Amino acid sequence: NAGVMQNPRHLVRRRGQEARLRCSPMKGHSHVYWYRQLPEEGLKFMVYLQKENIIDESGMPKERFSAEFPKEGPSILRIQQVVRGDSAAYFCASSPGNSPLRNTEAFFGQGTRLTVV
Amino acid sequence: QKEVEQDPGPLSVPEGAIVSLNCTYSNSAFQYFMWYRQYSRKGPELLMYTYSSGNKEDGRFTAQVDKSSKYISLFIRDSQPSDSATYLCAMSEAGGGNKLTFGTGTQLKVEL
């Protein structure tokens with residue numbers, strides 16, 4: 001059973017370009033969470049999605065950032081017109097349910113490291 | 001003030017030592033408490049979770065939660081060089097599910 005798959009692992013974008021980060025959850029998991037880890041900071045919650053629905057986007061910046069989790073295919077975190085401050089590691093986690101307890105806890109992918117030059 | 005405070009370290013201990021890692025928090029609504037281990041350039045890996053106050057033991061790891069003091073701890077017994085990593089505490093509110101609030105992480109190095 002493959003774990004949470006994120007790609008690309010490393011992404012370099014010039015200022016003003018778009019970044020698209022992909023996350024394939026573990027098999028059987030229908031809940032996806034995106035977190036951002038800035039240098040010297042902990043992981044910060046961005047958005048929680050279920051298939052075709054955004055459940056909680058309270059951690060998403062108001063502009064330039066969007067996320068989706070379509071019925072088919074991976075979840076996508078999209079950052080438009082990237083700026084240097086967007087440089088960070090972006091982690092996706094998936095779970096079979098919405099609880100941190102055993103058997104429903106979230107498993108994290110290896111992350112996508114975005115560098116904006 | 002951050003919701004979750006964690007000493008970033010680095011913390012260096014000899015092999016076989018008992019390691020104590022701690023976090024404090026300010027949000028009294030937190031009900032679920034977790035410890036993750038993160039190796040360099042890898043994703044976080046869940047080590048321990050507890051619900052509300054109390055202790056939980058799993059092998060060499062013991063997690064403690066003191067809600068009255070808003071203080072949680074992770075103890076690692078007989079530490080090994082393979083335990084060298086960054087340890088992140090994380091918390092969520094009841095009903096908050098896997099929407100986690102993380103500490104900044106403590107970097108641990110276990111030396112031979």
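Quick caveat: nothing in here was measured; it's all calculated off a predicted structure. The sequence lines fix the lettering, A, B, ..., with proteins before strands; numbering per chain opens at 1.
When the side chains of ILVMFWY residues are joined at heavy-atom separations under 4.5 Å, either directly or via intervening members, A:Val116 and A:Met60 end up in a single hydrophobic cluster. Under the 4.5 Å side-chain heavy-atom criterion for Ile, Leu, Val, Met, Phe, Trp and Tyr, B:Phe61 and B:Val13 are members of the same hydrophobic cluster. Residues A:Tyr48 and A:Tyr90 do not share a hydrophobic cluster, defined by chaining ILVMFWY side chains whose heavy atoms lie under 4.5 Å apart. Residues A:Met46 and A:Ile54 fall within the same hydrophobic cluster, defined by Ile, Leu, Val, Met, Phe, Trp and Tyr side chains chained together at heavy-atom separations under 4.5 Å. At a threshold of 4.5 Å between side-chain heavy atoms, the hydrophobic network of Ile, Leu, Val, Met, Phe, Trp and Tyr places A:Phe45 and A:Phe69 in two separate groups.
Contact annotation for B:Pro44: both backbone and side-chain heavy atoms come within less than 4.5 Å of a heavy atom of chain A. For chain A, no part of B:Gln6 is nearby; none of its heavy atoms comes within less than 4.5 Å. Using a 4.5 Å cut-off between heavy atoms, A:Glu41 touches chain B through its backbone atoms (N, CA, C, O) alone.
To the nearest 0.5 Å, atoms CZ (B:Arg41) and CZ (A:Arg9) are separated by 9.5 Å. Rounding to the nearest 0.5 Å gives a distance of 6.5 Å between CD of A:Gln37 and CG of B:Leu88. The distance from the CG atom of A:Leu43 to the OG1 atom of B:Thr101 is 11.0 Å, given to the nearest 0.5 Å. Between B:Tyr36 atom OH and A:Phe108 atom CZ the span is 5.0 Å, to the nearest 0.5 Å.
For A:Lys51, the NZ atom sits in a packed shell: over 12 heavy atoms of surrounding residues, nucleotides or ligands are nearer than 6.0 Å. The neighbour count for A:Arg15 CZ, taken as heavy atoms of other residues, nucleotides or ligands under 6.0 Å away, does not exceed 12.
Considering every non-hydrogen atom in both A:Gln110 and B:Gly43, the closest pair reads OE1-N, 3.5 Å. A:Tyr33 approaches B:Lys99 most closely through the heavy-atom pair CE2-N, 4.2 Å.
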Exercise for review: Quick one: do B:Asn98 and A:His31 satisfy side-chain contact (heavy atoms from CB on, under 4.5 Å)? Show the steps, please.
Suggested key: CA-CA 9 Å; B:Asn98 284 303; A:His31 300 251; over 6 Å; no
